[in-house]
Amino acid sequence: MDKKVFYMVDVFSGQKYGGNQLAVFPKGHLFSDEEMQRITREINFSETTFIFPNESQDNRYRVRIFTPAAEVPFAGHPTLGTAFVIQTFLAEKKYDRLILDLNVGPIPVDMEYSEGRIDMMTMKQNPPVFGQKLSGVDLAKVLNLSVEDIDSRFPIQEVSTGLPFIIVPLKSLDAVAKARLAKDHYVALIEGLEAKAILFFAPQTKYPENHLHARVFTEYFGVPEDPATGSANGCLAGYLLEYEYFGDKTLKIQVEQGFEIGRDAILYLSGEKKDGEITVYVGGRAALFAQGELF
């Protein structure tokens, strides 16, 4: 009888118990949709994934991603964390690239190795789609900030590379740190929007080797604040390139996230804007910290 085994992985952290945690079940065919949702709710991480083998290509796998609230078409740290589990425990040989067939479409994940072990994983996300621009007054109310905390040189805007986020540029690290979600204003804001989560960032950082400090509020998905969000940072990368935030059409930066909730994480963003088209990549490290079996 097949065992309902699972693995617990930290993503976007170079050590255990940092970054964003994930539960990965390699035998998704053993579960019904209802069971997958219930298990995710009980585990209560930001996402849980279920893997389904694809018999057409050895390096290609079907993956479904669930939050405690619902199944989602795409999410960043579950994509990288699941690729880590596939390569570490399921793949028959060492691949430089895995293809994960998500509900949003195929996402390639490239592997870099050090001393025979996975060191860095990078996923190419779908081209960013830019949506509605929003009011600074409204977002200041949602984040419990003043309008002066928002960097008005750049717009507040919905951006999606498969899962939409509201991107909010702030002026200072202090503004990022003091932000608090005003739930009444938040509910009123997202009611008419495709995006349900908010990434806000500033150019000041805790550590000098990093380029931006970010936070992501994800109350709608059952987790108040996400410690490390690959999908949101992919949207951020597209936003930075679209508006040439750093004065360039190419991008290669490190973003720190999760510090306010004690889950320090680093995400590596890269990409370019060429002939009106934007390509974005999000990279990070992963570490296994537990494994088990459902009874």
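Below, each value reflects all heavy atoms present in this structure, side chains not excepted, and no hydrogens, waters or symmetry copies.
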Take Tyr245 and Tyr239 through the test ring pair (Phe, Tyr, Trp, His ring centres under 6.0 Å) and record every step on the way to the result.
CA-CA 8 Å; Tyr245 185 87; Tyr239 174 96; 7.3 Å; no
Go through it in stages, so that I can follow the logic: the residues are Glu242 and Ile278, the test is side chain to side chain contact (heavy atoms under 4.5 Å, CB included), and I'd like the CA-CA distance, side-chain angles, deciding distance and then a yes or no.
CA-CA 8 Å; Glu242 174 71 6; Ile278 295 176; 3.4 Å; yes
Is there a salt bridge (Lys or Arg N to Asp or Glu O under 4.0 Å) between Asp264 and Lys206? Walk through the geometry before answering.
CA-CA 10 Å; Asp264 299 7; Lys206 295 276 189 181; over 6 Å; no
Phe289 vs Val9, side chain to side chain contact (heavy atoms under 4.5 Å, CB included): CA-CA, chis, key distance, verdict
CA-CA 6 Å; Phe289 70 91; Val9 182; 5.5 Å; no
Given Thr122 and Val282, is the side chain to side chain contact (heavy atoms under 4.5 Å, CB included) satisfied, shown in steps?
CA-CA 6 Å; Thr122 303; Val282 177; over 6 Å; no
Please step through side chain to side chain contact (heavy atoms under 4.5 Å, CB included) for the pair Ile167 and Ile156, ending with a clear verdict.
CA-CA 6 Å; Ile167 306 297; Ile156 298 167; over 6 Å; no
How far apart are the C-alpha atoms of Asp33 and Arg64, what are their side-chain angles, what is the distance that settles it, and do they pass the salt bridge (Lys or Arg N to Asp or Glu O under 4.0 Å) test?
CA-CA 10 Å; Asp33 287 10; Arg64 295 177 67 180; 2.9 Å; yes
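For an aromatic pair to be called close, the ring centres must be under 6.0 Å apart, and Phe201 with His213 fails this. Aromatic ring centroids of Phe52 and Tyr61 lie 6.0 Å or more apart. A centroid separation of less than 6.0 Å is found between the aromatic rings of Phe217 and Phe200. For Phe50 and Phe31, the gap between ring centers is short of 6.0 Å.
Electrostatic pairing of Arg215 and Asp226 does not count as a salt bridge here, judged by no charged N lying under 4.0 Å from a carboxylate O. At a threshold of 4.0 Å, the pair Asp10-Arg285 does not count as salt-bridged, since none of the basic side-chain nitrogens sits closer than that to a carboxylate oxygen. Using a 4.0 Å cut-off between charged side-chain N and carboxylate O, Lys124 and Asp110 make no salt bridge. Under the 4.0 Å criterion applied to side-chain N and carboxylate O atoms, Glu272 and Lys249 are not assigned as salt-bridge partners.
Residue Val176 is not grouped with residue Phe259 when hydrophobic side chains (ILVMFWY) are merged at heavy-atom distances under 4.5 angstrom, including chains of intermediate members.
You'll find the side chain of Gln125 stays beyond 4.5 Å of the side chain of Thr79, heavy atoms only. Considering only heavy atoms from C-beta on, Phe6 stays 4.5 Å or farther from Val24 through its side chain.
Taken from OG1 in Thr49 to NE2 in His77, the straight-line distance is 8.5 Å, to the nearest 0.5 Å. With rounding to the nearest 0.5 angstrom, the CG atom of Asp248 is 11.5 Å from the CD1 atom of Ile253. Rounded to the nearest 0.5 Å, atoms CG (Leu143) and CG (Asp149) are 9.5 Å apart. In this structure, Asn59 CG and Asp96 CG are separated by 10.0 Å, a value rounded to the nearest 0.5 Å. For the atom pair OG1 (Thr48) and CD (Gln21), the distance works out to 11.0 Å, reported to the nearest 0.5 Å.
A donor-acceptor pair shorter than 3.5 Å cannot be found between the side chains of Glu47 and Thr40. For the residue pair Ser172 and Asp174, no side-chain donor N or O sits within less than 3.5 Å of a side-chain acceptor on the partner.
Relative orientation of the Phe130 and Tyr243 rings is perpendicular, given thresholds of 30° and 60° on the angle between their planes.
Few gaps surround OH on Tyr113; more than 12 heavy atoms of other groups in view lie less than 6.0 Å from it.
Within the cation-pi definition used here (under 6.0 Å to the ring centroid, within 45° of the axis), Lys4 does not qualify as a partner of Phe25.
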